[in-house]
4 protein chains.
Amino acid sequence: MSPRTRAQYQQIRRQRRAQILSAARQVFAQQGFHDTKMSDIAQAAEVSQGTLYHYFSGKDDLFMSLFSNWAEQLEGTVQELPAASISAADKLRLMGQVGHAFLGSDRELLPVFVEYCAFALHNPRAAISFRDLFQTIQHSMAQIIDEGIARGEFKPVDTATLSALPLVVLDGLILVALIVGRDVIVPEQVIDRTLELVFDGLLTEDGASRP
Amino acid sequence: MSPRTRAQYQQIRRQRRAQILSAARQVFAQQGFHDTKMSDIAQAAEVSQGTLYHYFSGKDDLFMSLFSNWAEQLEGTVQELPAASISAADKLRLMGQVGHAFLGSDRELLPVFVEYCAFALHNPRAAISFRDLFQTIQHSMAQIIDEGIARGEFKPVDTATLSALPLVVLDGLILVALIVGRDVIVPEQVIDRTLELVFDGLLTEDGASRP
Amino acid sequence: MSPRTRAQYQQIRRQRRAQILSAARQVFAQQGFHDTKMSDIAQAAEVSQGTLYHYFSGKDDLFMSLFSNWAEQLEGTVQELPAASISAADKLRLMGQVGHAFLGSDRELLPVFVEYCAFALHNPRAAISFRDLFQTIQHSMAQIIDEGIARGEFKPVDTATLSALPLVVLDGLILVALIVGRDVIVPEQVIDRTLELVFDGLLTEDGASRP
Amino acid sequence: MSPRTRAQYQQIRRQRRAQILSAARQVFAQQGFHDTKMSDIAQAAEVSQGTLYHYFSGKDDLFMSLFSNWAEQLEGTVQELPAASISAADKLRLMGQVGHAFLGSDRELLPVFVEYCAFALHNPRAAISFRDLFQTIQHSMAQIIDEGIARGEFKPVDTATLSALPLVVLDGLILVALIVGRDVIVPEQVIDRTLELVFDGLLTEDGASRP
DNA sequence: AATGAATGAGCGTTCATTCAT
DNA sequence: TATGAATGAACGCTCATTCAT
């Protein structure tokens, strides 16, 4: 009877937006970006096609919002790492755990991630979004390494360059694992074995003797 | 106007096919797979659209042939590595050089490569082609590592798992470098620094003392 | 919060309606009928889209109401002309002044007027509205001419036909002036020179004496 | 069997283009620009929708080509007038005949013409095309008037301004006649009576002697 | 084999209108 | 009455592929 308040409208919009993003995630994951029709998403979200355009300016925007949403979460997790009160080596191990979690929890999003990379090649805004994620992770990684060096845990290394490795390796793993299959490559194992290898090379005698 | 021999016809066909593939490589590299029209390729190859279909069954086939052509060359190069009469460590260094070459020589193909990965997510034949490349490289890598271990150059490691690293890292580097730009990441440096790090951890005292 | 009287409600409604029509006039004038969205009008009028439909049955109705509003004013002005206590020739001159005023005062409405004509081609109700305007003007014009003939001011002419000229010329002028621009044609000059021509006659004595 | 020659292809294209334009003329005339779907035109032309786009870049282009085609013919006719070896007054009468012909021969195109004017309000290219037509006619008219003045047939008048009249009056007539109907206005009569009026002068000696 | 005109299913997007609150 | 979220039919345009010559 009485008209909805502004707050009620905001609530409705927030819910609908989440509902659409959720549906889009499922459909994009199953069918891929290019084989997904807006009508598919509308159907999955149980709204009309027109409604999609009240919340997103188009298919591209919807796709990018999906990525942004997810990237924010990952960034949040990674940014907390350097502040933990554990050794730098353990922080690296935690970074590996983040990789494990990433590969495991949102598994349906992994193909979407790959398509997003291809998408970003020809979409500057998407590229910027990706670069921000990369630099956030790189920054955390650099902090950890530098701390390790300062503490005498790690040998002195080219921090700027090596801090790129986490996302590089993770991306590569996702790519390869999705295409060749888990029967050919087990990404979690690659992460763990690589960390071990790196530790052998990175740790000082001091650091290596840690319990 | 003298009637051509069968051999001459085959020669002409081979040339035309190469001509089309070359044009496709340029156009795909510049515009991306999805933004490239068959008419664009026809124009670049200076043939009619119909002619494309005399040499390839469709756009997908053309795209996959492009990848296959290039993968064969890479496989050839990598397969020769294990047989070289140098130390295992040097073979790893050569593997790094192959990465450098890959990143440098066919730079225009790198975006195509990324798109091919996304393409392979939803195309089994393309996935198989990619897996073959992966396994070829992995196999060579495993031979080198095992040889290094057998010779006492390398510490004993999980060969099966670590031999996945070359393509994983290379793929990740291509992905990230293309999107975030060379001003943010220099893939060749990452390769070199990573190799150094790995050598520190991988080489035995014996191997490490090599010149 | 005291309950409004019926009269107050009607007053509010009248104001809102005028507010919407005013906004519509601006937007239609700037963007044209087909490029104007109901949401544009709602925004300009600072009401919601739904409110528009409380005052007008739809976009067409809004457009036609705009025209009617304006046509009524023009009709009122023209209908007063014949009763003026001046010579018939001066009444014609006044008719020219009305044209001037029309071209000058509501200049932003002129494109809307042209679009309304195109609109009326396929909308019978709009056509009737336009015809009423035409016939009102034609009727006044006929009265003036007949009066002039009766008084001996004018030669006897085909009143019924010539009385169509004012709106015909005015429409043509609006059309042409809007499209080709005022640097190519100055409609006020055309009106004045044409009136002079009509008053004086084009032919010299020689030309006038043609058989 | 043998491939078509370049000339054969040109022939095919010319025919198809004419075929499509002809169909478009009919459909646009019947349904109006905005109510005409490309599929309607395709159906009327007995080609597929895609074919339309091989010959025109879109609906707008098709519409404008229609106008251009027809304007060229009218321009051709009018441009020949000044060179005729008859009196200037007779040339004016011929100009009137052109108007008659215009109103009669392509009667189905008249509504399209009106819509084109509204279209040109918001399409610069269309406006230019219209302006070219206007100026061509104006130029011919100016030549005739100047010749008449030079010969002593006509009184000296403001040629530049009055030469705008033909298209202005014709446009106005088309507009009004189409909307109010031929039972209310007969455009040919208006042309003829107006020409008579212009030739003879409206005012009596008495009226003419007014200050 | 080569040509290029023709196809037509398909899709992203728009926007006037409706309706629950 | 006022709101604005929701609707969904509609349409212009694309482009990989086919086919007659």
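So you know, we letter chains A, B, ... as the sequences are listed, proteins then strands, and number each from 1. Here the structure is a predicted model, which is why all the values come from computation and not from measurement.
Near DNA chain E, meaning a heavy atom under 4.0 Å from it, residues 18-31 of chain B has no residue at all. Contact check of residues 116-129 of chain D against DNA chain F (heavy atom, cut-off under 4.0 Å) returns no residues at all.
Between D:R6 and E:dT3 there is no side-chain N or O to OP1 or OP2 distance below 4.0 Å.
Consecutive pairing runs in DNA chain E reach the stem threshold at E:2-21 with F:2-21, where a stem means at least three Watson-Crick or G-U wobble pairs with distances under 3.5 Å.
E:dG8 atom C1' lies 12 Å from atom CG of D:L52, rounded to whole Å. Separating the OH atom of A:Y9 from the P atom of E:dT21 is a distance of 11 Å, rounded to the nearest angstrom.
Checking E:dA5, F:dT1, F:dA5 against every side-chain atom of D:Y55, the shortest atom distance belongs to E:dA5. Which of F:dT21, E:dA6, F:dT7 sits closest to the side chain of D:S48 comes down to E:dA6.
Under a 3.5 Å cut-off, the side chain of C:S65 and the backbone N or O of C:D61 do form a donor-acceptor pair.
Checked against side-chain contact (heavy atoms from CB on, under 4.5 Å), B:Q43 has no partners two or more places apart in sequence or in another chain. With sequence neighbours excluded, the residues that form a ring pair (Phe, Tyr, Trp, His ring centres under 6.0 Å) with D:F33 are D:F28, D:F63, D:F119.
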Review point. How does each nucleotide of nucleotides 12-17 of chain F score, in 5' to 3' order, for protein heavy atoms under 4.0 Å: base (B), sugar-phosphate only (S), or none (-)?
Key: SBBBSB
